[in-house]
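Report on one structure; see the data block that follows.
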Amino acid sequence: MFASLPSLAFLDVGGTELMMIMLVILLLFGSKRMPDLARGLGKSIREFRKATSGLEEELKRAIETPPAPPQPRKPAAPPGMPPPPINVPHNPPGETPQPPEEHHYP
């Protein structure tokens, strides 16, 4: 199966190897804990599949929905035109500027 790829050669496990692994697990955890371990492994696999299917559905929806239309832009000033004026209070020459109004918030 994966024996042709040296980096994945450890995944080439046969029936005898699986039986030896199961025997070691049985000796380590005992026969009373085996059903609990299998149940926990089944639940974790189920949760993993549910998460991956949810992600797949979300990606499919994102691909199928059309993109939002672009927002209209303000027309730019033609080249050579001065920029629009900035709203700054104008004080005629010789007048002192008025201090800003103070707001007293409660």
Side-chain angles (χ1 to χ4, degrees):
M1 185 166 131
F2 293 108
S4 61
L5 299 172
S7 62
L8 299 176
F10 69 94
L11 294 175
D12 192 21
V13 180
T16 307
E17 288 90 359
L18 283 176
M19 291 298 288
M20 293 297 290
I21 292 170
M22 294 300 246
L23 180 66
V24 169
I25 291 173
L26 181 64
L27 290 173
L28 287 176
F29 295 106
S31 61
K32 292 183 180 180
R33 295 251 343 221
M34 288 296 291
D36 293 336
L37 289 173
R39 197 173 300 122
L41 182 64
K43 284 181 181 180
S44 62
I45 290 173
R46 195 175 320 124
E47 288 294 320
F48 180 75
R49 285 184 181 167
K50 191 186 303 183
T52 55
S53 67
L55 182 63
E56 285 177 7
E57 290 297 320
E58 188 174 328
L59 286 174
K60 284 179 185 176
R61 270 189 264 121
I63 290 172
E64 291 172 357
T65 56
Q71 298 293 329
R73 292 181 149 193
K74 288 185 176 180
M81 295 287 294
I86 301 173
N87 294 332
V88 177
H90 178 70
N91 293 323
E95 283 189 23
T96 57
Q98 298 293 326
E101 294 180 19
E102 292 184 22
H103 296 284
H104 297 285
Y105 296 107

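Along the sequence shown, residues carry numbers from 1. Predicted, not measured: the structure shown is a model, and the values here were computed from it.
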#### Entry: Greater than 12 external heavy atoms within 6.0 Å of Met34's CE
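More than 12 heavy atoms, drawn from other residues, nucleotides or ligands, come within 6.0 Å of this atom.
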
### Other residues, nucleotides, ligands: >12 heavy atoms within 6.0 Å of Glu58 CD
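Open.
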
### Message
Tell me if a side-chain donor or acceptor on Glu17 pairs with a main-chain N or O of Gly14 at a distance below 3.5 Å.
### Response
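Indeed, once roles are kept as given, a pair shorter than 3.5 Å links the two residues.
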
same_hphob_cluster([X], [Y]) at 4.5 Å side-chain heavy-atom cutoff:
X: Phe29; Y: Val24; result: yes
X: Leu41; Y: Phe48; result: no
X: Met19; Y: Met22; result: no
X: Leu26; Y: Ile21; result: yes

Interatomic spacing from [atom1] in [X] to [atom2] in [Y] - rounded to 0.5 Å:
X: Met20; Y: Leu23; atom1: CE; atom2: CG; value: 6.0 Å
X: Lys60; Y: Thr65; atom1: NZ; atom2: OG1; value: 14.5 Å
X: Glu64; Y: Leu59; atom1: CD; atom2: CG; value: 11.0 Å

### Query
Hey, are Arg33 and Asp36 close enough for a salt bridge, meaning a charged N less than 4.0 Å from a carboxylate O?
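A salt bridge is absent here (no side-chain N lies under 4.0 Å from a carboxylate O).
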
